[in-house]
S.K.: 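Have a look at the structure that comes next, please.
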Amino acid sequence: MSSPNTDDIDAVSNQKKLGKHLYTDLADLYKTPLYVYDGDQIQRNFKAFQKAVSKLNSKVYFAVKANSSVAILSLLKSVGAGADIVSGGELQRALVANIKANDIIFSGVGKTDEELLLAMKHSIGQINVESGAELERISELAFANNLKCSVALRINVDVDPGSHEKISTGQKSTKFGIGLNEGQAEDYYQKIISHPNLNPAGLAVHIGSQLTRLEPFEIAYKVLLNFSNYLRGKGFDVPCLDLGGGFGIDYKTNTNPDFSEYGKMVSSLFQNQGYKLGFEPGRSIVANSGSLITKVIYVKNGINKRFIIVDAGMNDLIRPTLYEAYHRIDNLQERGDHRELSDIVGPICETGDYLAKDRMMPPVEAGDYLAVRGVGAYGAVMMSNYNTRPEASEVICYEGEIHLIRPRRTVEQLIKMDVNPFE
Ligand SMILES: *Cc1c(COP(=O)(O)O)cnc(C)c1O
């Protein structure tokens with residue numbers, strides 16, 4: 001069963017804390033904006049997922065793009081995670097975190113020659129191919145460099161996951177995967193089988209992110225299973241099915257889905273079918289472990305609502321403006337319950353620079369710290385330096401201890417990257 005990630009309350013000060021540390025103390029010490037993660041929660045989430053699929057022959061690969069911190073990858077590795085990566089950079093991060101090359105799966109529509117060669121030279125577990133052109137390129141590179149490579153086909157099952165359009169990947173209108181209609185997928189699989197440098201790894205599917213119902217998964221998996229059984233019927237070796245990620249969380253309560261329900265559905269479809277199964281959860285492993293602590297700079301009373309201006313902007317957390325994402329926001333100071341309609345906005349010169357719109361917020365004063373919840377996934381990884389703002393620092397609490405896992409860079413360090421040929 002899943003439980004919401006709630007804060008501990010300090011018995012003396014009555015303030016919110018993580019382990020033995022008050023959030024407000026961490027904000028004073030490390031300055032804001034500050035990402036704070038609960039490492040124990042991350043491991044609990046991962047183990048809950050593992051347990052839900054443990055009756056099957058399975059391996060769980062954490063989707064590194066959700067949070068690529070080497071410290072977090074290392075905590076996940078220690079409880080048995082492999083890595084699902086989408087770039088050469090993420091491959092290097094996974095290796096630095098000591099994840100075995102064989103436990104790495106490479107997804108994505110636009111892998112370059114350099115990235116493919118890096119993956120092949122490290123003999124990673126599997127490359128998920130998304131087009132005929134990519135398969136052609138992999139064949140050439142493997143042959144020319146005398147390298148072996150395990151390849152799976154990512155299938156576009158044409159299922160609408162019922163999520164936000166910018167994070168839906170399973171319909172045929174998207175750029176992802178190989179369609180089943182024109183016999184291409186079978187042709188490509190045949191090519192893999194007959195190529196001397198390629199090993200068939202099987203098939204893969206990933207229909208989108210932040211899915212909150214089981215049904216789209218079930219429909220997609222049935223299509224995949226049908227097709228893989230068809231290939232097997234033709235005598236092809238199809239050892240693994242990679243079932244992707246996409247499990248949504250409840251951002252209002254910061255609660256994970258009940259993985260055991262998902263596990264039951266998967267078991268009923270795949271038990272005794274003789275496939276090794278792969279899973280690639282990202283968001284549901286890390287999202288509810290993270291808070292972004294930000295300081296209120298000004299409170300501005302507008303005509304019909306209040307603007308709470310904070311020191312974290314869309315460069316620190318772009319999800320609200322990019323996906324209309326909802327994140328719960330708590331005032332870490334107790335100032336009573338009277339709620340007022342408010343926009344919580346950053347300092348950046350863009351109308352899209354907000355963390356929440358039309359939110360009923362309790363009393364807030366300049367200098368207060370707010371905690372933006374559920375930001376452990378697709379938060380820090382999307383930070384930028386827009387407006388020449390250094391990224392937020394990141395810290396993690398694990399077994400009671402706080403560790404700095406990424407210090408904020410200085411403005412001098414940012415500017416140093418510029419080259420001025422006109423001086
Ligand atoms: C993004 C992605 C995932 C992870 O999705 P979540 O919604 O974070 O679980 C898994 N597999 C692939 C191929 C992806 O692109």
Side-chain angles (χ1 to χ4, degrees), residues 2 42 45-46 48-50 52-53 58-69 72-73 76 81-87 90-91 94 103-111 119 124-131 134 151-157 159 161-171 174-178 201-214 216-217 220-221 224 240-251 256-257 259 262 266 277-290 319 322-323 325 374-382:
S2 56
I42 292 173
N45 290 342
F46 188 81
F49 193 96
Q50 256 178 341
V53 296
S58 63
K59 174 89 187 171
V60 185
Y61 303 84
F62 172 64
V64 172
K65 75 175 187 286
N67 192 316
S68 57
S69 155
I72 288 174
L73 295 181
L76 284 168
D84 167 54
I85 57 157
V86 292
S87 72
E90 286 187 357
L91 171 57
D103 292 336
I104 296 175
I105 295 180
F106 195 173
S107 309
V109 293
K111 307 177 196 81
I124 69 162
Q126 175 179 325
I127 297 180
N128 288 350
V129 168
E130 304 228 9
S131 63
E134 185 189 355
V151 172
L153 294 184
R154 176 169 175 181
I155 301 300
N156 186 319
V157 289
V159 172
S163 182
H164 190 279
E165 64 170 299
K166 284 189 189 160
I167 48 176
S168 297
T169 59
Q171 302 105 303
T174 69
K175 66 182 176 182
F176 297 98
I178 296 159
L203 303 173
V205 71
H206 172 75
I207 57 172
S209 199
Q210 184 55 17
L211 273 68
T212 49
R213 294 180 311 124
L214 282 184
F217 287 117
Y221 294 170
L224 191 76
C240 313
L241 296 179
D242 173 353
L243 301 183
F247 321 96
I249 80 156
D250 181 342
Y251 279 101
N256 259 345
F259 293 138
Y262 171 81
V266 173
L277 300 178
F279 299 90
E280 304 169 342
R283 185 191 309 274
S284 57
I285 304 302
V286 287
N288 75 351
S289 77
R319 290 181 31 75
L322 185 59
Y323 311 116
V375 299
Y378 307 108
V381 282
M382 290 198 198

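When a ligand or atom number is given, it counts from 1 through the structure's own listing order. As the structure is a computational prediction, the values presented were derived from the model and not from experiment.
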S.K.: Of all the non-hydrogen atoms in the protein, which one sits nearest to atom 1 (C) of ligand 1, and at what distance?
M.R.: Lys65 NZ, 1.3 Å
S.K.: Can an N or O of Gly244 be found at a distance shorter than 3.5 Å from an N or O of ligand 1?
M.R.: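 No; the residue has no nitrogen or oxygen that sits under 3.5 Å from a nitrogen or oxygen of the ligand.
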S.K.: Any atoms of ligand 1 less than 4.0 Å from a non-hydrogen atom of Ser209? List them with their elements.
M.R.: 6 (P), 7 (O), 8 (O)
S.K.: Go through ligand 1 atom by atom and flag the ones less than 4.0 Å from a non-hydrogen atom of Arg283.
M.R.: 6 (P), 8 (O), 9 (O)
S.K.: Is Pro281 near ligand 1, meaning one of its heavy atoms is under 4.0 Å from it?
M.R.: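 It does, in that a heavy atom of Pro281 comes within the 4.0 Å cut-off of ligand 1.
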S.K.: Under 4.0 Å from a heavy atom of Asp84: give me the atoms of ligand 1 that qualify, with their elements.
M.R.: 10 (C), 11 (N), 12 (C)
S.K.: Please confirm whether Tyr323 and Tyr378 have ring centers closer than 6.0 angstrom.
M.R.: no
S.K.: Looking only at heavy atoms, which two atoms of Ser68 and Leu73 are closest? And how far apart?
M.R.: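 Heavy-atom minimum between the residues: O-CD1, 3.9 Å.
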S.K.: Considering non-hydrogen atoms of the protein only, which is the closest contact for atom 13 (C) of ligand 1, and what is the distance?
M.R.: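 Of every protein heavy atom, Glu280 OE1, 3.5 Å lies nearest to atom 13 (C) of ligand 1.
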S.K.: Heavy-atom distance to atom 5 (O) of ligand 1: which of Glu130, His206, Arg154 wins?
M.R.: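 When every heavy atom of Glu130, His206, Arg154 is considered, His206 comes closest to atom 5 (O) of ligand 1.
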S.K.: Which atoms form the tightest heavy-atom contact between Val286 and Ala66, and what is the distance?
M.R.: CG2-CB, 4.1 Å
S.K.: Any atom of ligand 1 sitting under 4.0 Å from a heavy atom of Tyr378?
M.R.: yes
S.K.: Considering only heavy atoms of Gly245, which atoms of ligand 1 have at least one such atom less than 4.0 Å away?
M.R.: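 Counting from 1, the qualifying ligand atoms are 9 (O), 10 (C).
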S.K.: Does Ala66, backbone or side chain, put an N or O under 3.5 Å from an N or O of ligand 1?
M.R.: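 No, since none of the N or O atoms of Ala66 sits under 3.5 Å from an N or O of ligand 1.
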S.K.: Will you find, in the side chains of Gln126 and Asn128, an N or O donor that is under 3.5 Å from an N or O acceptor?
M.R.: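 Yes, because at least one side-chain N or O of Gln126 sits under 3.5 Å from a partner of the opposite role on Asn128.
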S.K.: Output all residues satisfying side chain to side chain donor-acceptor pair (under 3.5 Å) with Tyr251, sequence neighbours left out; order by chain, then residue number.
M.R.: Arg283, Arg319
S.K.: Numbering the atoms of ligand 1 from 1, which are under 4.0 Å from a heavy atom of Ser107?
M.R.: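 That gives atoms 13 (C) of ligand 1.
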S.K.: With Phe49, which of Tyr61, Phe279, Phe62 fulfils ring-ring contact (aromatic ring centres under 6.0 Å, His included)?
M.R.: Phe279
S.K.: Could you list the residues that satisfy side-chain contact (heavy atoms from CB on, under 4.5 Å) with Ser69, not counting sequence neighbours?
M.R.: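 So Ser69 forms a side-chain contact (heavy atoms from CB on, under 4.5 Å) with Asn67, Ala71, Ile72, Ile405.
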S.K.: Do Glu90 and Lys65 meet the salt-bridge criterion of a basic N to acidic O distance under 4.0 Å?
M.R.: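 Looking at Glu90 together with Lys65, the answer is no, because their closest N to O distance does not fall below 4.0 Å.
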S.K.: Can Val86 and Val64 be said to form a side chain to side chain contact (heavy atoms under 4.5 Å, CB included), step by step?
M.R.: CA-CA 8 Å; Val86 292; Val64 172; over 6 Å; no
S.K.: Under a 4.0 angstrom heavy-atom cut-off, which atoms of ligand 1 come close to Gly246?
M.R.: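 The atoms of ligand 1 under 4.0 Å from a heavy atom of Gly246 are 5 (O), 6 (P), 7 (O), 9 (O).
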S.K.: Taking only non-hydrogen atoms of Ala377, do any sit less than 4.0 angstrom from ligand 1?
M.R.: no
